[in-house]
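The structure displayed is predicted, hence computed values, not measured ones. Because only heavy atoms are used, hydrogens play no part in the values below, and waters and symmetry mates are left out as well, while side chains stay in.
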There are 2 protein chains.
Amino acid sequence: MIRVLVVDDHPVVRQGLRTFLDLQDDITVVGESADGASCVDDADRLRPDVILLDLRMPGADGVTALRGLRDNPARVLVVTSYTEPGAVLPAVRAGAAGYVYKDVDPPALAAAIRSVHAGHVLLHPDVARLLTEGDTHPGPAELTARERDVLAEVARGRSNREIARALSLSEKTVKTHVSSILGKLGVQDRTQAALHAVRTGLVDS
Amino acid sequence: MIRVLVVDDHPVVRQGLRTFLDLQDDITVVGESADGASCVDDADRLRPDVILLDLRMPGADGVTALRGLRDNPARVLVVTSYTEPGAVLPAVRAGAAGYVYKDVDPPALAAAIRSVHAGHVLLHPDVARLLTEGDTHPGPAELTARERDVLAEVARGRSNREIARALSLSEKTVKTHVSSILGKLGVQDRTQAALHAVRTGLVDS
DNA sequence: TCGTCCTTTGGACCTAGGTACACCTCCAGC
DNA sequence: GCTGGAGGTGTACCTAGGTCCAAAGGACGA
C-alpha cells in the first residue's frame, strides 16, 4: 500500500485527489496539507511514501517546501500546471523525484505515483528535454531574500516607485534589484518576471 | 437528483469534483467538459440542472462560454480562484447564478450547488460587495476581439515590438491597443494587464 | 583578519512603454 | 446614403523601466 500525502492549496483539488486515489487498491491518502510550510511537518508526522506537491502555492512556494523535505525519505512528485523551465529546473534540482503536469488524466497520475514509489525518476518528455538542453551553462541562479521581496511586489503589478515606498527603499535600489532579478530569471522585463512569479507560486493570485 | 455538468480544463480537478459530488445523495455528475467551447454543446446534449464553470480556461474563456449558455436553462455556478472585480462583474452580468471561490471546502461547494439549483443567486460576500459598490459608474468596458488578441500577447510577456511582428501590425498600433486595453481594464500598465489576463483565464499558462 | 556576498544608494544614460490627438478605411445598421 | 464603431496608422511627447558603473557598510565563514 503506497502512503500518499497530498499538498495543494485548493480544498477542492485535495478532496478530488484523495477521493480518486483512495479508489486505487494499492494507494491510500494518509493526509492533506494546504501549504508548503505545514506539509513539511505533516510529512514528518505521517511518514508518507510519496508526496504529491503543487508547486504553485501561496506563502512558502513549492521549491522552498522541497528543500524542507530533503531530510524526509518520502519521494516527492511535483504536480503543477506549468511548463516554465524556470520552475521545473529548480524543482528537479531541489530533489523532486518526478514532475508531471496537472493536465494528466487521473489514471496516468496514479501510474506516476507507482513509478515514483518504485524508485523511478519520472519526467514529462518536455521537462526531460529542458533538463538535458540547459544543463551546463546557465545555472540555477537563486534569488536572494530581498530580491524575492521585490519580485513579490512586481508580481502584484506594483511600479518601482510603489515598491520603493512599500519596502522603504530608494527607487534606484528597487531598480537594481529588479535588474538582477531579470538576469537571474533569464527574462527580459518585469512583466515576464511577474508571470514567472505567478507560475512558480511566489504570489497567491 | 441534481444533474451537474463539470467544466474545467484540468482532468484532475474534473475527476475530483465528479468523485466527490457523486458521493452526495442528491447530486449526480452527468458529464465533464474541458473547455468553454465544448461545454456549450455538452450542456445542450446532457441537459444538466447546474453547470460548474471554471472561469480560468485556455481558448474560449469563461465569460464567452457563459454567453453561449444563455439559451440553456441550466443554472451556472462559477467556480474560480480569483477575486478580481474585472473577472467577477462580467461573469455575473453574463448570467452566472452563483460565484464561489475555488478554495471553498467541498461540502460548502455541494451546498452552493443545492442553493443555486433551488433558484438562489449565490455570491461570496466579497463579490456581493464588489457588485453593490461599483455598480453604477464604471461600466464593464468589454474588449474588442483585436484587443483580446493583443492582451493575449501581452500576457505571454511579449514586448510591443514582438506583438507587432506576431500580429503583423505596426508598433504604434500595438501601443494604441495596449493603451485602450489598460483603460478598459482599469489598470496602470502592461504588467497589471498581463496578471489580470492570467487571472481571468485569457491565456493558458 | 580577509574575502565574499548581500544590501543599499547614486549618477548617467538609453529604450520601451504609454498618452493624446488626428486621420484613414471598412462595415453594419438605420 | 449617412452614421458610428472598430481597426489601423501616424506624430509628438513624457515617463517609467532597465543597464552600466561605482561605492560603502554589514554579515558571515575560511
### Query
Which angle, rounded to 10°, do you find between the first-five-pair axis and the last-five-pair axis of the helix from C/dT1-D/dA30 to C/dC30-D/dG1?
40°
### Query
Could you state the interatomic distance from NE2 (B/H117) to CD1 (B/I2), rounded to the nearest 0.5 Å?
5.0 Å
### Query
Distance from A/R146 atom CZ to A/L167 atom CG, nearest 0.5 Å?
5.0 Å
### Query
Side chains of A/S170 and A/T173: do they bring a donor and an acceptor to under 3.5 Å?
yes
### Query
In B/S/- notation, 5' to 3', how is nucleotides 8-21 of chain C contacted by protein heavy atoms closer than 4.0 Å?
BBBB----SBBS--
### Query
When every nucleotide of nucleotides 24-30 of chain D is labelled 5' to 3' by its protein contacts under 4.0 Å (heavy atoms), B for base, S for sugar-phosphate only, - for none, what sequence of letters results?
-------
### Message
For a side-chain hydrogen bond (donor to acceptor under 3.5 Å, both in side chains) check, start with the C-alpha distance between A/T19 and B/T19, then their side-chain angles and the critical distance, and finish with the verdict.
### Response
CA-CA 6 Å; A/T19 324; B/T19 323; 5.7 Å; no
### Task
Would you mind telling me which of A/L53, A/L5, A/V6, A/D9 makes a side chain to side chain contact (heavy atoms under 4.5 Å, CB included) with A/S33?
A/L5
### Query
Should we say atom CZ of A/R161 is surrounded by more than 12 heavy atoms from elsewhere, each under 6.0 Å from it?
no
### Atom pair NZ (A/K175) and OG (A/S180), whose distance is rounded to the nearest 0.5 Å
14.0 Å
#### Entry: Side-chain donor/acceptor of B/R14 to backbone N/O of B/D8, under 3.5 Å
yes
### Query
Do the side chain of B/E162 and the main chain of B/S159 share a donor and acceptor less than 3.5 angstrom apart?
yes
## Note on the structure
Paired with B/N160, the side chain to side chain contact (heavy atoms under 4.5 Å, CB included) test is passed by just one of B/E171, B/R165, B/H177, namely B/E171
### Message
What is the separation between atom CD on A/E153 and atom P on D/dG17, rounded to the nearest whole Å?
### Response
13 Å
